[in-house]
Every structure is written in structure tokens, then in C-alpha cells.
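Structure, as C-alpha cells:
Just so it is clear, the structure is predicted and the values come from calculations on it, not from any experiment. Order of appearance sets the numbers: ligands from 1, and atoms from 1 within every ligand.
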Amino acid sequence: MQSARAASKLSSTMHRVMEYAAKPQNGVTLQELLEFGSDITTAKLIHSAKFLHYEMPIRYAHRVKDLDTLPYGLCQMPSVQQVKKWYIQSMEELLEFPKVQTAADERRFTAMIESIKERHNATLFTMARGVHELKLTMHEAEKKGNLPISMADMIDLHSFLDGFYLSRIGIRMLMGQHIALRQKEEGWVGCICEATSPAEVALAAVDTARHMCIRQYGDAPDVEFHGDTNFTMPYVPSHLHHMLFEVMKNSMRAVVEFHGVDNALPAIKLIVADGDNNEDVSIKISDEGGGIPRSALPRIWSYMYTTANSHVFESMIGESVPMDFGGESPLAGLGYGLPISRLFARYFGGDLQIISMEGYGTDAYLHLRRVGDASEPLP
Ligand code: ADP
Ligand code: MG
């Protein structure tokens, strides 16, 4: 009896997943978020909650369906099942929530959104562990001589993960924006700062990265700032921080490992350039850390590639899962720094490129779109 009821609940859940996954997702632009969020009123907050109430179950359903169709047995990995459970639970909570009509409804809705956002804090890390679990299964199979797929096929997984993580950035942006809209602050529209200073954000990222580098190696290179360091633009500082921090950590590690900690470390250069036609803002991070061989370049964007010899997952077995990118994370090791940073850039219409001169150093070009009229890329 019990199991019959459980089975019927499961089938109605999957039915809802299919129903909502069939609906199209609705993208927003940075410009729209800015316009909507200025002069926020209770009526606007209710409107925003209504949009989220409509949109989020659709986006979650799309992801559950994707997770179910993951190739190569990845969807069977315990960590991936865990992530799927979170997505289903959040979708169900949203669907069960009554229509948002009054200010009191909106407050309760926002409290729910806050708890949902927290539930998904460790999604990235948990998915990364799922991929790691798959790798272990494959190594076992390889030893027995019956490898289910080739290592090269794993590359295919990359485009799935790109879409999945990009969608996660979007969902969290919408939730974060709604939550932040309630806390009015001068110069801010939700989590968008109208005068985000790339140089200032970079300064904070450099500070933390140097700290981590010194903790790991005992020394860290200096960073010189060049170009238009007074320039500001509307952007989400936390996204910018994430990108600059990841690129900076990579450069610092490369410089220290290439030159050796007992030698003089050449400074890393950070250049901010604001395009004449009000279109592009570019930030270049140049290091003399020996570069990346051309043959390895395509792999740096993979979620499975790292040259760091850390045992992030092995050391975590049985422990509670940390929040993604917490301050305790190692300087390198997941192989997620570059691909996720590029997604953050692309989310608002920008991009991240890496150009390397093997034997000398690497230039990372971060392009941000200034007008912010690019709609979210929705997988
Ligand atoms: P992780 O740092 O966790 O390994 P990333 O995605 O940040 O993952 O980087 C992937 C790999 O790309 C690094 O392990 C490193 O081998 C290479 N890499 C990235 N940036 C640089 C750089 N500035 N100089 C040399 N190698 C780099
Ligand atoms: Mg890194």
C-alpha cells in the first residue's frame, strides 16, 4: 500500500515536470532588471514575486528533465540524484504556494525563495562530485576492460554542464534580485550596483587571491593596475568579483609555480579599458606564469580539467558539503574556475578569452557588455 502511494506520488511529480518543462522560459536583460527595479514599490515587489512564481517552476522543470537525460550514466550517480531531488522539491514548493496577491503574500513568498536559494547553495560542488563519481566508475570499468564510454566522450558532457550551470546562474540571479530589491540602498538596484568600479572590485579580488596564494606557497606576486581605473558601469559586483577572482588565482598560481617561490616574482598586470562607442568594457589580466601549451588550451574550458593535484573530493567523503566557492576552497583543484567565469561573463552578453604564449605567460580578456541589452542565454 505504502509503496503504491509512493509510486503514484512519483508519477504525478514527473507528470508535472513534463508539463512545466514543455513551457518556454522567459529571459530578462540587465537593462530590464535595472529599469524595473528603480523606484521600487510594494506593487512592484508583488509583480516581481508573481513573475518568479510563474517562471521558476518552469526553469526548475527544464533542469530536472535535463538531469534525467544525462548521458553515460551520469544521471545515476548519487550526487546527481541529490541535485535532482533539490530541484524537484523546489519546483513542488513553488507550485504549492498560493497566488501572490497582497504584501503579506509577497513577504511569505520571499521567505520561501530565500530558503530555496539556500537549498541549492552547494549545487555546483555536488554536480562536480557527481562527475567525479562517474570518473571513478569509469576507471573501475577500464581496469576490468569494459569501459562504457571513452574518455574523449566525456568532452560531450561539457556542453550539457555549460547549459545546466548557465541556467543556475540565471535562476539565482532572479531570486537574488527579488530578495535584494526589498533592501533599498542608495546607488543599488537589487544586486546591481549602478556605479560598479571594475578596478575596485578587482582590488578586493586581488586581496583575497593573494591571501590564498601566500597561504599555499608562502609568497604571491604583486598586481599592477593600468588603464581607466576610475571607470564605473552598472553591473552585478558579485559576478564581476567571481570572474576576476578566478582568473587572478590562476595567474598567481602560474607565476609562483613557473618562477619558484624563492625567486623574484614578476607582477601581474590588470588593465581596464572602456570602449569609445559605449559598447564594450574590457579587462585584461596579464601574467608571466609560463603560459599554457596550445594543445591543452581547448581543455581549460572543460569541467574535468585541472593541473592542480588536490584531492578535493577524496578529502570530503562523509563530510557535509561546503557552499560553492567558500573561502575555505583551495587555490585550484576543481577545474571549474575558468568555465564558470566564462558563463558569468556570457550571462549578460560578455565573454572571457584566454590567450597564451607558452614559455612566457597568459593573457585573460574579460569583455563585459556595457549597454546590458543582451537577453539571458537560456539553455
Ligand atoms: P583550476 O584552477 O581549479 O585547475 P581553472 O578552470 O581555473 O581550474 O583552470 C584550469 C587549468 O588551466 C589550470 O589547472 C591550469 O592548468 C590552466 N590555467 C588557467 N589559467 C592559467 C594561467 N594564467 N597560466 C597557466 N595555466 C593556467
Ligand atoms: Mg582556477
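Contact annotation for D287 and ligand 1: only side-chain heavy atoms (C-beta onward) come within less than 4.0 Å of the ligand. Contacts between E246 and ligand 1 below 4.0 angstrom, taking non-hydrogen atoms only, are absent altogether. Contact annotation: for L338 versus ligand 1, heavy atoms closer than 4.0 Å belong to both the backbone and the side chain.
Between Y87 and F164, a ring centre-to-centre spacing shorter than 6.0 Å is recorded.
The closest non-hydrogen atom to atom 9 (O) of ligand 1, taken over N250, I354, I285, I340, comes from N250.
Heavy-atom distances between K249 and ligand 1 stay at or above 4.0 Å for every pair. Heavy atoms of G289 come nearer than 4.0 angstrom to ligand 1 in no pair at all. The shell of residues lying under 4.0 angstrom from ligand 1, judged by heavy atoms, includes P339. For S356, the closest heavy-atom approach to ligand 1 does not fall below 4.0 Å.
The two residues M127 and Y336 have their closest heavy-atom pair at C-OH, 4.4 Å. Here the shortest heavy-atom pairing between C191 and G176 reads SG-C, 4.1 Å.
We find that E93 and R119 are joined by a salt bridge, their nearest charged nitrogen and carboxylate oxygen being less than 4.0 Å apart. Between D274 and R370, at least one side-chain N (NZ, or NE/NH1/NH2) sits under 4.0 Å from a carboxylate O, which counts as a salt bridge.
Using a cut-off of 2.8 Å, one finds that N250 contributes an N/O/S atom close to the Mg ion (ligand 2).
Heavy-atom contacts of I292 reach the following atoms of ligand 1: 18 (N), 21 (C), 25 (C), 26 (N), 27 (C) (cutoff under 4.0 Å).
When the options F344, Y235, Y347 are evaluated for a ring-ring contact (aromatic ring centres under 6.0 Å, His included) with H242, the one that passes is F344.
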